[in-house]
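Okay, so here's the structure we're looking at.
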Amino acid sequence: MEFERVEFGKTYTSPLTPEEVNHYSRQLVLPQFGVEGQIKLKNTSVLLVGAGGLGCSAAIHLAGSGVGQLTIVDHDRIEASNLHRQILYRSEDVGRYKAEVLVERCSRSNPLSRMAPVALCTALTTENCLELVRNHAVILDCTDNVYARYLLNDACVLRGRALVSASALKFDGQLTVYNHQGSVCRRCLFPDPMALQAQSCDDNGVMGPGTQYLCWCFVRHRCTHHAVPGIMGSLQAMEAIKLASGMAVSFAGVQLHYDSLSGSFYRFKLRPRNPDCPVCGDKPSIRTLDDSHLGTNTCWTRQELKAKLDL
Amino acid sequence: MEFERVEFGKTYTSPLTPEEVNHYSRQLVLPQFGVEGQIKLKNTSVLLVGAGGLGCSAAIHLAGSGVGQLTIVDHDRIEASNLHRQILYRSEDVGRYKAEVLVERCSRSNPLSRMAPVALCTALTTENCLELVRNHAVILDCTDNVYARYLLNDACVLRGRALVSASALKFDGQLTVYNHQGSVCRRCLFPDPMALQAQSCDDNGVMGPGTQYLCWCFVRHRCTHHAVPGIMGSLQAMEAIKLASGMAVSFAGVQLHYDSLSGSFYRFKLRPRNPDCPVCGDKPSIRTLDDSHLGTNTCWTRQELKAKLDL
Amino acid sequence: MPPRDIRVEFAGGVELLFDNQKQLDIPISKFHDPSHPAKENLTYTVRDLLQLLKDRYLKQRLELFLQGDNVKPGILVVINDCDWELMGGPDYELEPGDRVVFISTLHGG
Amino acid sequence: MPPRDIRVEFAGGVELLFDNQKQLDIPISKFHDPSHPAKENLTYTVRDLLQLLKDRYLKQRLELFLQGDNVKPGILVVINDCDWELMGGPDYELEPGDRVVFISTLHGG
Ligand SMILES: [Zn+2]
Ligand SMILES: [Zn+2]
């Protein structure tokens with residue numbers, strides 16, 4: 001099917017190969033997206049941090065859309081208890097690096113992307129984060145802890161990148177685009193991650209009767225109904241694709257709260273950028289990435305917890 | 001991790017195997033879902049019709065949740081232009097039956113399901129539909145045309161099954177649960193599919209300038225931004241999982257309209273069951289499945305169209 | 001939206017018949033029909049709205065939007081987040097600030 | 001929701017501190033504090049609401065909801081679909097029919 005007949009009578013000298021035209025034909029005929037959108041997408045590099053429930057869903061949708069270059073960062077290996085919500089991993093993948101397996105699944109679903117997707121099986125750190133963010137145009141936060149989320153936030157502010165952030169816990173999910181055209185960054189809302197740290201452990205679950213000695217953090221952090229990350233990750237990918245193809249995003253300065261039990265999608269307007277924000281404010285105190293600004297990976301170190309539960 | 005320590009101090013004699021407890025532990029600790037939910041899910045059989053964009057997303061989330069038995073029906077083979085939105089298919093799958101490949105991906109992502117998922121690489125017809133619906137508890141409509149959607153609707157009414165139906169076109173998606181606890185069926189809203197037939201061809205796209213001879217139906221029916229079916233399919237799976245695990249569903253008698261461009265999720269209340277409905281009303285005229293009630297597969301037969309476009 | 005207006009929205013493809021506009025705010029005054037001076041009462045129904053849309057706003061293929069004096073099968077009419085069947089259908093009397101959404105049912109997948 | 005009430009909602013885990021209730025309709029009259037008869041003016045702020053929630057509704061671990069007379073960091077307060085920072089924060093004067101939602105920010109993934 002030559003190109004002209006598909007388009008609205010306009011002929012395009014398109015740097016898209018005929019193969020790509022066929023592959024993306026279903027998107028190309030959409031006037032709001034069209035050839036320009038696909039070309040912009042093809043020339044955009046995306047950094048996706050976190051290859052868990054959110055990351056699996058976001059990555060496979062991004063790869064399918066024809067994004068130019070996709071880098072996936074995660075130091076974790078696949079565990080059996082991940083499989084029910086990390087939809088692309090198989091039982092025989094248990095033990096392998098998540099980032100590596102996810103990149104494999106993505107490249108086989110879309111062999112056309114300009115550059116093969118890259119897996120970085122390392123943790124995001126204050127050393128590598130700025131460089132990674134600088135080398136990509138669109139950043140997705142698919143992580144599962146306060147430390148990594150603030151690390152990414154600070155790096156995106158310091159390098160001037162929008163941050164498409166999603167999260168999921170139990171039956172709820174959230175989505176917003178930070179640091180985009182004047183929208184808030186994470187620290188505009190909650191400047192001090194240390195306060196959240198303690199809060200995130202207790203806040204999301206209260207000591208149940210009879211399990212006093214069991215700190216909830218270890219179980220709760222990962223107790224999510226499996227379909228929720230899949231839903232939030234695909235919504236996250238949609239925003240990232242719109243950002244990458246030059247279309248208006250819907251969640252800059254707006255947060256979505258999804259409750260899967262009631263099936264409700266609550267959207268509300270967020271405050272503007274905070275002039276006193278420690279990292280994106282008018283007189284920022286945070287100019288580099290430093291653990292002292294970032295709190296710890298989880299409220300009780302996993303080791304201490306694992307010892308307690310003798311897992 | 002033995003079972004008692006995870007639960008709220010209550011001990012369950014659970015017909016879940018230790019392996020399953022570990023596999024689904026993240027869901028098990030959710031009080032609203034818990035062990036009862038997982039057991040109900042394990043004993044539920046699900047029929048999923050349509051292995052396209054919606055079906056890929058819905059199936060992989062359903063399989064991940066531990067649904068007891070999953071049957072996937074689709075007569076189509078994989079084409080290159082499907083890959084960008086049918087996220088689980090790979091370029092090397094082109095030419096194979098969609099249902100077969102999708103079942104393969106689902107069984108490898110969740111080897112624990114009580115019975116291996118089944119692929120039926122045939123079309124849904126007035127002969128096989130009643131039997132298929134009767135043999136399953138929860139039905140998902142992931143098809144892409146009026147004929148199949150009304151066929152499934154009538155069969156679900158005649159066999160007393162709820163029908164979790166999603167759809168996607170261009171940048172929009174819709175979701176509702178038909179025929180559940182008194183909610184409408186499709187014919188309560190639009191009794192005559194023939195009227196929709198013509199309407200669905202023209203209604204969703206108007207003859208653009210310069211492409212007069214090209215009937216929109218062929219292109220439009222399949223022109224969808226690729227992330228939208230992924231989003232709608234995962235929301236569809238969430239409703240089906242709630243239905244299968246005995247939890248309240250959110251979209252019986254309520255329709256969701258999702259606009260991915262504006263990121264809006266519009267929910268509205270539907271009318272009650274129509275007493276004069278030809279199939280689920282008080283004096284139904286439709287008591288069997290018959291092509292005369294169902295219209296044709298697409299407004300212009302594909303062949304006639306393909307000839308015109310000499311594809 | 002100015003309080004005296006009716007908020008009209010199109011979705012699911014219906015907007016293509018209205019120059020791709022998804023939203024219109026229609027002041028009550030627009031309903032006054034000089035050719036029917038007798039029509040003094042200030043209440044207007046959804047039927048009147050359909051007539052107004054047909055006369056003043058519809059850009060494309062009338063038969064894709066209306067069938068007789070009703071909407072074409074396949075289009076749901078939603079008034080203040082409720083199916084119009086719950087509100088009396090075409091005879092529902094519009095009030096300022098009401099939101100009327102025309103949504104085409106999608107069959108793609 | 002009775003028109004004279006304030007609709008209060010909890011989400012993202014905050015509901016666990018309120019007996020897992022996601023929604024409360026609080027009549028204005030509940031704000032009257034007999035021990036402060038002087039407080040004749042009938043306007044109440046979100047700060048008063050926090051006090052009321054603390055005294056009458058909070059079931060679990062106060063320190064997970066409040067820090068001093070403000071909400072704990074990590075909890076967003078949303079008034080009529082807007083971040084309360086846009087509405088004057090704790091000093092926003094409540095009106096009947098207002099909707100106040102307390103949402104805990106999720107970090108899981
Ligand atoms: Zn900031
Ligand atoms: Zn019916």
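Here is how names work: the chains are called A, B, and so on, in the same order as the sequence lines, proteins then strands, and each is numbered from 1.
If you measure heavy-atom distances from A:L256 to chain B, the contacts under 4.5 Å come from the side chain alone. Within the 4.5 angstrom heavy-atom criterion, only backbone atoms of B:S262 (N, CA, C, O) approach chain A.
Distance check, rounded to the nearest 0.5 Å: CG of A:L140 to CD of A:Q236 gives 4.5 Å. With rounding to the nearest 0.5 angstrom, the CE atom of A:M247 is 11.0 Å from the CD atom of A:E36.
Proximity of a side-chain donor or acceptor of B:D93 to a complementary backbone N or O of B:R90 within less than 3.5 Å is detected.
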Audit row: A:K242, A:S250, side-chain contact (heavy atoms from CB on, under 4.5 Å) steps and yes/no: CA-CA 9 Å; A:K242 288 196 284 187; A:S250 314; 2.7 Å; yes
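With chain A as the partner, the residue from B:S57, B:G230, B:S234 showing the most heavy-atom pairs under 4.5 Å is B:S234.
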